[in-house]
Amino acid sequence: MTSIADRLAGPTVPEAPALAPAAPAATAVPAISFPPAGERELRLDLFRGLALWLIFIDHLPPNLLTWFTIRNYGFSDATEIFIFISGYTAAFVYGRAMQDSGFVVATARILRRVWQIYVAHVFLFTIFLAEISYVATSFENPLYTEEMGIMDFLKQPDVTIVQALILRFRPVNMDVLPLYIVLMLFLPLILWLMRWKPDLTLGLSAVIYAVTWEFDLYLSAYPNGFWAFNPLAWQLLFVFGAWCALGGARRMTRILNSPVTLWISAAYLSAAFLVTLTWYIPQLGHLLPRRLEQWMYPIDKTDLDVLRFAHFLALAALTVHYLPRDWPGLKSRWLKPLIVCGQHSLEIFCLGVFLAFAGHFILAEVSGGAAMHALISLSGILIMWGVASLISWYKNVADKSAPRKAALANADLAGGG
């Protein structure tokens, strides 16, 4: 709805929350600590998988399932979940590698992972471009190329390809992976600083965030404009996830379990929900004081508005408290589809982008009501689940004869990369 877009400035992408593990308070907790080697945090997989489903649904034209996505009930969405989990899992895996093997080896492993993500992004860009061009040409409808943001590619393909390779040109719905690539490039420095002063590192990240807002710093995009997700701002959530993984969440256990924290979180989420109601029910708009509206809007997504960040923190605090890591439901077969998708997030994210445009095309060409919308959404989710299950089968069964990689070097161990 245009009223939502006016208030929540920025692209409607989401990305999840993989939440820091709650642990009993200890009298003496080291600044940097790791969970037991080889232990998998299923909550990370669960919420990353949930984020992937939400991204797919939010990229489709509005339908009944859209009302089940979190962006309709508060300030944050799946993007915050995705970036937090990315920082958490990256620190979980490569922080231990840096501790055991040293800075050089850990950096080499991180750069290898960055290369894998970059190759996935280029592959996604190429196939996505071909998909849009084929549909636009076959159905003689150039509006698809304009709507998906590839008109400049058709006009100047040589220049646009170069700009795409340096991450400055991206079609619609392809902004998350470039952000992740940039953040991962700085992970060695982040981990090196956190090894000595984790709290100071988080403080420096907050300073960069504040300076970005104060001086309006951003990265430019091609052919004009700026990055949909400003890495200089979103790094705060990524670093916060890394800080939680390296002992920060463990040291915050007493605060997270405090009734005061829970009440504040619940009150903030309730207030955010009441604000979102005014986006859908204009008659309630007069209930918001004018000064509050002037201070609050626009709730900027590009630069990770502080209201969005606080909304995610409130969601995370309540989730950690009411969903412990040993919750039996994590082994339930009903949550298995979400978990298996979260365990192969890179592949399923790319697949979701393809499926979202295919669904958009079908709904545009074939008139259908709520039933057709629901069928497209559920079909896409089932395809994502099926592909994730196939990948799991291949890794767990068909690839058993291959030498097993060291668990500490495998990003899949902590929920994927």
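Quick caveat, the model's predicted, so the values are computed rather than measured.
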At their closest point, which heavy atom of L154 faces which heavy atom of S133, and how far apart are they? CD2-OG, 4.3 Å
Can you tell if the side chain of L288 reaches within under 4.5 Å of the side chain of M296, non-hydrogen atoms only? yes
Run the side-chain contact (heavy atoms from CB on, under 4.5 Å) test on R113 and Y94 for me, step by step, so that the C-alpha distance in whole Å, both residues' side-chain angles and the decisive distance to 0.1 Å come before the verdict. CA-CA 10 Å; R113 184 59 181 170; Y94 300 110; 3.3 Å; yes
Taking the six-membered ring for Trp, are F349 and F82 parallel (under 30°), tilted (30 to 60°) or perpendicular (over 60°)? tilted
More than 12 foreign heavy atoms under 6.0 Å from CH2 of W385: is that the case here? no
Working to the nearest 0.5 Å, report the span between CZ of R43 and CD1 of I85. 11.0 Å
Minimum heavy-atom distance D305-P298, with the two atoms named: OD2-O, 3.6 Å
Beyond-backbone contact of Y222 with I166, side-chain heavy atoms, under 4.5 angstrom: no
With side chains defined as the heavy atoms from C-beta onward, is the minimum distance between F309 and S76 less than 4.5 Å? no
Option from F240, Y180, W243 for which ring-ring contact (aromatic ring centres under 6.0 Å, His included) with F84 holds: F240
Do you see a donor-acceptor pair shorter than 3.5 Å between the side chains of H311 and E80? no
Pair D77 + R308, salt bridge at N-O below 4.0 Å: yes
Under the 3.5 angstrom rule, does the side chain of T107 hit a backbone N or O of P188 as a donor-acceptor pair? no
Should the pair F273 and Y73 be assigned to parallel (<30°), tilted (30 to 60°) or perpendicular (>60°) ring geometry? parallel
Between Q235 (side chain) and L232 (backbone), is there a donor-acceptor pair under 3.5 Å? yes
Could D199 and R251 be called an ion pair, given the rule that one side-chain N must be under 4.0 Å from one carboxylate O? yes
Counting distance only, does the side-chain N/O of Y88 pair as donor-acceptor with the main-chain N or O of L246 below 3.5 Å? no
One pair to check against side chain to side chain donor-acceptor pair (under 3.5 Å): T302 and N230. What are the steps and the verdict? CA-CA 6 Å; T302 294; N230 188 352; over 6 Å; no
Check whether any side-chain N or O of T253 sits under 3.5 Å from a backbone N or O of R250 as a donor-acceptor pair, and report yes or no. yes
Does W67 reach the main-chain N or O of N72 with its side chain, forming a donor-acceptor pair under 3.5 Å? no
Under 3.5 Å, is there a donor-acceptor pair between the T160 and D152 side chains? no
Is the shortest heavy-atom distance from the side chain of E214 to the side chain of Y209 under 4.5 Å? no
